[in-house]
Amino acid sequence: MHKRLIFHVDVNSAFLSWSAVRELQNGGQDLRLIPSAVGGERDSRTGIILAKSITAKKMGVKTGEPVSMALRKCPHLTVVKPDFKLYLAQSRAFMAICRDFAPVVEQYSIDECFLDMSGMHLLYPDPVEAAHLLKNRIRDTLGFTVNIGIGPNKLLAKTAGDFEKPDKVHTLFLHEIEHKLWPLPVEDLIGVGASTAEKLRRCCLRTVGDVARIAPNRLKAIVGNAYGEQLHRYVHGIDDSPVLAEPEEPKGYSISTTLEDNVTTTDAAHAILLALTDSVTARMRADGAKAFGVGVTVRTTDFKTRSHQRKLDTPTDITDEVFEQVKALLTELWQTRAPLRLLGVSLFDVTREDALQLSFFGEEDKTRSRNLDKAVDGIRARFGSQGIVRAGAMNTPARIGRKYKAKTELDSSDT
């Protein structure tokens, strides 16, 4: 049996690259070669940078910052509006080439995928040469570039693809870990966020190699047992997750919205959160799922983001039950009362089994709530998302439902 061989293929600055291809086709200049970015309206609160060119990055422009802030750093920045219809079409064309190249392809996001090349040595004896062949085929056919990482598993392949961009092929095999992976700062390791990186640095663990050299029990004492075990495996390049030809069932559901006006009152926050809760629970019910956990995320006007989660004794798909938890979590999160510019709701620990524990108390209310949710879902299925609106959410923007749909279809980790 041949060893596993995985490719990770990632479009370089996807939204900008796809917009650049369109501009060139229309006789315009190549956005990738000038200070440029894809972003929303300059005067809109939702106008943020979605992707930027290398030149713009060198001038300090960052993904996720307001367009107005980017323009202060780079006054000559060319800003183009996003075209999600174009991006979906380009994504499908990109995935089609990958599926023509390998028997098993897992789409990871709109602009990246994993290819299982195990057992393909007779067709492609040299994996690096094969990766260059695929990379160049995408570039010559579709007009944009990709990075390809090669490794024995998904973790190392994805890590390799991030080494240097754009239009590159990199390898990260087990024998290369010590000199390619271990010198990286801890925050470059997949799965390590800002807070975990800070915990590790406080313990003088600044590089991936530093983490790899300590005892597993010490690592667990720093970041927790489960997470410590995962990090110990990752720093040693261990990852057994398969490349899945079919998408996995969702492990969670989430929705968030950036607010056009600051929210400063509890009533206003509750109204928006009710609309978000209504939308995300409806999606979960459509999949026949229930959640054991509820989370709320807020971002204040100083761009600080905080999240709280709560586990439930029994799973639920009832909007009112979830909303009660959401309101309690908001109270815990929003004690400073700083103006809010983003609100989000998430559902996690999802089950599709009928795991509801029977109780002699409150079952009549639960049945009534489920019937109400079912009726609301039915009306919306027939007349659209605005066919019926809960009273508490009547003054919230109708765009919330539309934004959720777009976010679901266009989830991207590197744009």
Side-chain angles (χ1 to χ4, degrees), residues 1-12 95 98 101-120 127-128 130-131 134-135 146-165 168-197 199-200 205-216 219-220 222-248 251-252 411-415:
M1 182 176 180
H2 294 282
K3 295 180 180 179
R4 295 184 74 203
L5 181 66
I6 309 299
F7 284 8
H8 175 258
V9 188
D10 185 11
V11 180
N12 298 134
M95 295 295 170
C98 291
F101 196 83
V104 180
V105 176
E106 177 183 344
Q107 181 169 349
Y108 189 66
S109 69
I110 190 175
D111 62 348
E112 58 183 317
C113 60
F114 291 100
L115 281 63
D116 192 338
M117 301 293 292
S118 307
M120 299 287 287
V128 174
L134 173 59
K135 176 180 73 68
V146 300
N147 260 44
I148 299 182
I150 306 172
N153 54 49
K154 293 164 72 173
L155 168 73
L156 295 183
K158 182 170 173 58
T159 302
D162 289 334
F163 282 158
E164 182 189 3
K165 297 180 178 183
K168 303 289 185 182
V169 171
H170 300 285
T171 64
L172 183 54
F173 294 106
L174 292 175
H175 68 274
E176 298 176 304
I177 286 177
E178 190 167 345
H179 70 274
K180 285 188 177 182
L181 178 63
W182 285 7
L184 298 177
V186 289
E187 56 267 28
D188 284 1
L189 184 67
I190 292 173
V192 174
S195 60
T196 300
K199 289 180 182 178
L200 294 170
L205 303 173
R206 297 181 176 85
T207 68
V208 177
D210 292 337
V211 178
R213 295 183 186 99
I214 68 170
L219 182 58
K220 292 177 182 179
I222 297 171
V223 300
N225 288 336
Y227 194 26
E229 177 65 28
Q230 176 182 304
L231 285 185
H232 178 72
R233 290 171 59 85
Y234 278 11
V235 296
H236 291 284
I238 301 171
D239 173 30
D240 300 324
S241 59
V243 176
L244 302 173
E246 298 297 330
E248 285 187 295
K251 296 180 180 178
D411 179 26
S412 174
S413 62
D414 188 34
T415 50

* So His8 and Tyr108, would you call those rings parallel, tilted or perpendicular, with 30° and 60° as cut-offs? -> perpendicular

* Asked: Can you list the steps and then say if Leu115 with Leu134 is a side-chain contact (heavy atoms from CB on, under 4.5 Å)?
  -> CA-CA 11 Å; Leu115 281 63; Leu134 173 59; 3.7 Å; yes

* Structure fact -> In terms of heavy-atom contacts, Val128 and Ile150 come closest through CA-CD1, 3.9 Å

* **Backbone N/O of Val235 and side chain of Trp182: donor-acceptor pair under 3.5 Å** => yes

* To do: Tell me, with the steps shown, if Asp239 and Leu156 meet side-chain contact (heavy atoms from CB on, under 4.5 Å).
  => CA-CA 8 Å; Asp239 173 30; Leu156 295 183; over 6 Å; no

* Could you pull out all residues at least two apart from Phe163 that satisfy ring pair (Phe, Tyr, Trp, His ring centres under 6.0 Å)? => His170

* Asked: Which heavy atom in Ala160 sits nearest to a heavy atom in Thr171, and how many Å separate them?
  -> CB-C, 3.9 Å

* For the atom pair OH (Tyr234) and CG (Leu189), what is the distance rounded to the nearest 0.5 Å? -> 8.5 Å

* About how many Å separate CZ of Arg206 and CD of Glu187, when rounded to the nearest 0.5 Å? -> 11.5 Å

* Asked: Any side-chain heavy-atom pair from Glu106 and Pro242 closer than 4.5 angstrom?
  -> no

* Asked: At what distance, to the nearest 0.5 angstrom, does CZ of Phe101 lie from CE of Met120?
  -> 7.5 Å

* Asked: What distance separates Lys180 NZ from Phe173 CZ, expressed to the nearest 0.5 Å?
  -> 8.5 Å

* Asked: Heavy-atom count around Lys135 NZ within 6.0 Å, excluding the residue itself: above 12?
  -> yes

* Asked: Shortest non-hydrogen contact from Cys113 to Cys98?
  -> SG-SG, 3.7 Å

* Close side-chain approach of Val208 to Asp188, heavy-atom, < 4.5 Å -> no

* Would you check if Pro152 and Lys3 make a side-chain contact, meaning some heavy-atom pair closer than 4.5 Å? => no

* Apply side-chain contact (heavy atoms from CB on, under 4.5 Å) to Asp116 and Ile6, showing your working. => CA-CA 5 Å; Asp116 192 338; Ile6 309 299; 3.7 Å; yes

* To do: Let me see the working for Arg233 and Asp240 under side-chain contact (heavy atoms from CB on, under 4.5 Å), right down to the final yes or no.
  => CA-CA 10 Å; Arg233 290 171 59 85; Asp240 300 324; 3.1 Å; yes

* Asked: Judged by modelled atom types alone, do Asn147 and Asn12 share a side-chain donor-acceptor pair under 3.5 Å?
  -> yes

* Asked: Under a 4.5 Å cut-off applied to non-hydrogen side-chain atoms, are Leu200 and Leu219 in contact?
  -> yes

* Locate the shortest heavy-atom distance separating Leu231 from Thr196; write the atom from each residue and the value. => CD1-CG2, 4.3 Å

* Asked: Residues two or more places apart in sequence or in another chain: which of them pass side chain to side chain donor-acceptor pair (under 3.5 Å) with Asp210?
  -> Thr207

* Structure fact -> Here the gap from Leu174 atom CG to Asn153 atom CG, rounded to the nearest 0.5 Å, amounts to 7.0 Å

* To do: Report the distance from atom CD of Glu112 to atom CG of Asp10, rounding to the nearest 0.5 Å.
  => 4.5 Å

* Nearest non-hydrogen partners of Pro216 and His232, listed with the distance -> CG-CE1, 3.5 Å

